[in-house]
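Heads up: the structure comes next, in structure tokens.
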Protein chains: 2
Amino acid sequence: MGNEEVVPLAHRVPDLGALELLLAVARVGSLSGAARGLGITQPAASSRIRAMETRLGVALVDRSPRGSTLTAEGALVTDWARRVVEAAEAFDVGAQALRGRRDSRLRVAASMTIAEYLLPGWLIALRGQRPGTAVSLHAGNSAIVAGLVLAHEADLGFVEGLSVPEGLDSVVIAQDRLVVAVAPGHPWARRSRGVEAAELAATPLILRERGSGTRQVLDAALAAAGGLAQPLLELASTTAVKSAALSGAGPCVLSELAVGDELGSRRLVEVPVAGTGLARALRAVWPTGARPAGPARDLLSLTRRPA
Amino acid sequence: MGNEEVVPLAHRVPDLGALELLLAVARVGSLSGAARGLGITQPAASSRIRAMETRLGVALVDRSPRGSTLTAEGALVTDWARRVVEAAEAFDVGAQALRGRRDSRLRVAASMTIAEYLLPGWLIALRGQRPGTAVSLHAGNSAIVAGLVLAHEADLGFVEGLSVPEGLDSVVIAQDRLVVAVAPGHPWARRSRGVEAAELAATPLILRERGSGTRQVLDAALAAAGGLAQPLLELASTTAVKSAALSGAGPCVLSELAVGDELGSRRLVEVPVAGTGLARALRAVWPTGARPAGPARDLLSLTRRPA
DNA sequence: GTTACCCATAAACGCAGTTTATGCCGTCAT
DNA sequence: ATGACGGCATAAACTGCGTTTATGGGTAAC
């Protein structure tokens, strides 16, 4: 009973190479053309697509002597595949930035939430505009980011929180919001009117550890409502908090960036909070006076969403 | 010059099995425990994680005699990995539903946009609640969905569009919105005030083919503004429209569900449209009088977002 | 009819990941 | 202290999957 994952996901889903190949076939319109584009031979492509079709039990491409086009099901599958490949691209640029050496052209420091959920997308977009730019990434809390930027060991920093560290200029690039979320079975999930700030403050919650940006904002917001109760769990990562909440341990408080997917699929339910604001600004920061230039400026302009 | 993808993505990103393993290590707290959970041996897990670390050039886990915990970088990488795995899960449930046979317990018919972007998430959530439910999926335009539902060949249908087909009851499950989007280099990208309906109507656009739900809504919305100009391109799939717009061919009009990622990463820019509404309702439909019951009811309740 | 493009199939090859079999190192209980 | 336990690393042999090479059949255009 429970989660006996009989056959792992990796055996039911084609590997990334096959998904990439499918996208290439969709784009190019032929197996052999797609194979050329990926640097493999035509029989290899043929065999991979065929293996994929038998594994899924669905015909994906209509083969003809003058090319291959997607079937209706193939088009659907291709779009799902595209989402996997895009997530893999985000993984790639993130990991590459993480590994980046000291001599990288653009050194970025970012808070955990921003590094996890926003930066990969920005870096993909940046790569689209300036393909040559090598990026390195250092992730840490606001104090660490501020230190790296002040010491000129990072060209641009991204922080979340209420105040801007001393000695830094900043611009608000987005508004983030903390959300209270519970598993669907939790009593709060049925309360359409949500909870009052005072009740939230009095309830043991699943939280990030003291010192995290998330925790600071929550402390400040609930100070007027009597201050935070003893936490139910204090965990070191966003992920740990999320899985504790998913398993029904209790209400958690996380950035809406972190729980967006879970809310969308209804694995977690947002609980509205009345009586206090849980918004916080996401800011780009740089040493006072030293306006970002070059690649840092390019990245900055990418991050500024239209109002 | 251009897109010489020297080394394909699949060689720079660990395969799904490795990513799943990393998630298991994060969850369980030890390599051998994770290995047990996935049905492989401990040396295999050790070797895979190590290979991943050397490939990424980053230490992911701190090994100790009493278990393994993620490093700070490892936590970041794990979260990126989670997004890939979740996309793969969506692929899996989608593909599985697509293959579903006639005797499946729950037969769903959905329009393309809903099947592509929303249904996988719902099915994952449904699997969480009712793990045993086998789902089959048929994707097509509104008329096809209506036909399947009326003929009782589908237990539940999902359509987008302005009107509800005859003989069906419906409930609005979400609001969708068509957005006009251009590549960042396009002149419209800099117009913060957007375009008037009349100008949009007079401009050749990249569109889905006539008969698609997207096209119908656009036709209706711009009828008052003089009707649609001759399209710049008429393409058969959402994907094709998107890539044409991405390559700078011109403005496209698509569901916000379809271009959400591109807008987020700024690879496409939304152009506001004044003077007309491009909203459309997404509806669940069933034969008049025959309220959904059983699994269909479960799925329906999952899709209804809180107001 | 010839050329050019496309896809399918068969056989041999090579490598990546796996298992089996050990050994070392801490921790905890006795 | 000491022995049992759990966890990780390493080495060697094995297995299978994806690959290339080689070949054949089919259709459209010139």
Side-chain angles (χ1 to χ4, degrees), chain A residues 5-56 58-71 74 81 85 88, chain B residues 5-56 58-71 74 81 85 88:
Chain A
E5 193 84 23
V6 190
V7 48
L9 185 62
H11 290 169
R12 287 179 301 168
V13 177
D15 60 78
L16 284 170
L19 299 182
E20 242 187 324
L21 174 61
L22 181 61
L23 297 188
V25 171
R27 191 174 52 243
V28 174
S30 87
L31 293 189
S32 40
R36 273 194 301 276
L38 296 182
I40 62 177
T41 59
Q42 171 265 320
S46 182
S47 136
R48 269 189 103 124
I49 295 285
R50 176 168 297 280
M52 209 160 141
E53 285 178 316
T54 61
R55 164 149 36 184
L56 300 182
V58 173
L60 298 175
V61 301
D62 270 332
R63 301 125 157 80
S64 93
R66 38 177 219 176
S68 294
T69 63
L70 294 178
T71 63
V85 170
Chain B
E5 193 83 25
V6 190
V7 46
L9 186 62
H11 291 169
R12 286 179 300 168
V13 177
D15 58 78
L16 284 170
L19 298 182
E20 243 188 321
L21 173 61
L22 181 62
L23 296 189
V25 171
R27 190 175 54 244
V28 174
S30 85
L31 294 189
S32 41
R36 275 193 298 275
L38 296 182
I40 63 176
T41 59
Q42 171 265 319
S46 182
S47 137
R48 266 179 101 104
I49 294 285
R50 176 168 298 280
M52 211 161 139
E53 286 178 315
T54 61
R55 164 146 39 182
L56 301 182
V58 173
L60 297 176
V61 302
D62 270 332
R63 303 155 225 277
S64 91
R66 37 180 219 170
S68 294
T69 63
L70 294 178
T71 63
V85 170

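Small disclaimer: the values here were computed from a predicted structure and weren't measured. Throughout, a chain's letter reflects where its sequence line sits, starting with A, and its residues are numbered from 1.
Taking atom CG of A/Leu38 as the reference point, atom P of D/dG18 lies 15 Å away to the nearest angstrom. Put simply, CZ on B/Arg63 is 13 Å from C1' on D/dT10, counting in whole angstrom units. Atoms CD1 (B/Ile49) and P (D/dC8) sit 10 Å apart, rounded to a whole Å. Taking atom CG of residue A/Leu21 and atom P of nucleotide D/dC17, one finds them 18 Å apart after rounding to whole Å.
Between B/Ile49 and B/Arg63, the closest side-chain pair of non-hydrogen atoms falls below 4.5 Å.
The CG atom of B/Leu9 lies 10.0 Å from the CG atom of A/Leu23; values are rounded to the nearest 0.5 Å.
Among the nucleotides D/dC8, D/dT10, D/dT20, the one closest to any side-chain atom of B/Arg50 is D/dT10.
Note that the first and last nucleotides of DNA chain C, 5' to 3', having any atom under 4.0 angstrom from a heavy atom of chain A are C/dC6 to C/dT9.
Contacts of B/Ser30 with the nucleic acid, taken as non-hydrogen atoms under 4.0 Å apart, involve only primed sugar atoms and P, OP1 or OP2. If you check every strand for non-hydrogen atoms under 4.0 Å, B/Ser32 touches sugar and phosphate atoms only. Within 4.0 Å (heavy atoms only), A/Ser47 reaches at least one base atom of the nucleic acid.
Remark: the backbone N or O of A/Ser68 is not paired with any side-chain donor or acceptor of A/Ser30 at under 3.5 angstrom. Within the 3.5 Å criterion, the main-chain N or O of B/Ala34 finds no donor-acceptor partner in the side chain of B/Arg27.
When all heavy atoms are compared, the tightest approach of B/Arg55 to B/Pro14 is NH2-CA, 4.1 Å. Minimum heavy-atom separation, B/Leu31 to B/Ser46: CD1-CA, 4.0 Å.
A side chain to side chain contact (heavy atoms under 4.5 Å, CB included) with B/Met52 holds for exactly one of B/Val61, B/Val13, B/Leu22, B/Leu21; it is B/Leu22.
Nearer to the 5' terminus of DNA chain D, by closest-nucleotide assignment, is the contact made by B/Arg36 (compared with the other of B/Arg36 and A/Gly39).
Using a 4.0 Å cut-off, no side-chain N or O of B/Arg66 falls inside it from OP1 or OP2 of D/dC8. At D/dT10, none of the side-chain N or O atoms of B/Ser46 fall inside 4.0 Å of OP1 or OP2 (strictly under the cut-off).
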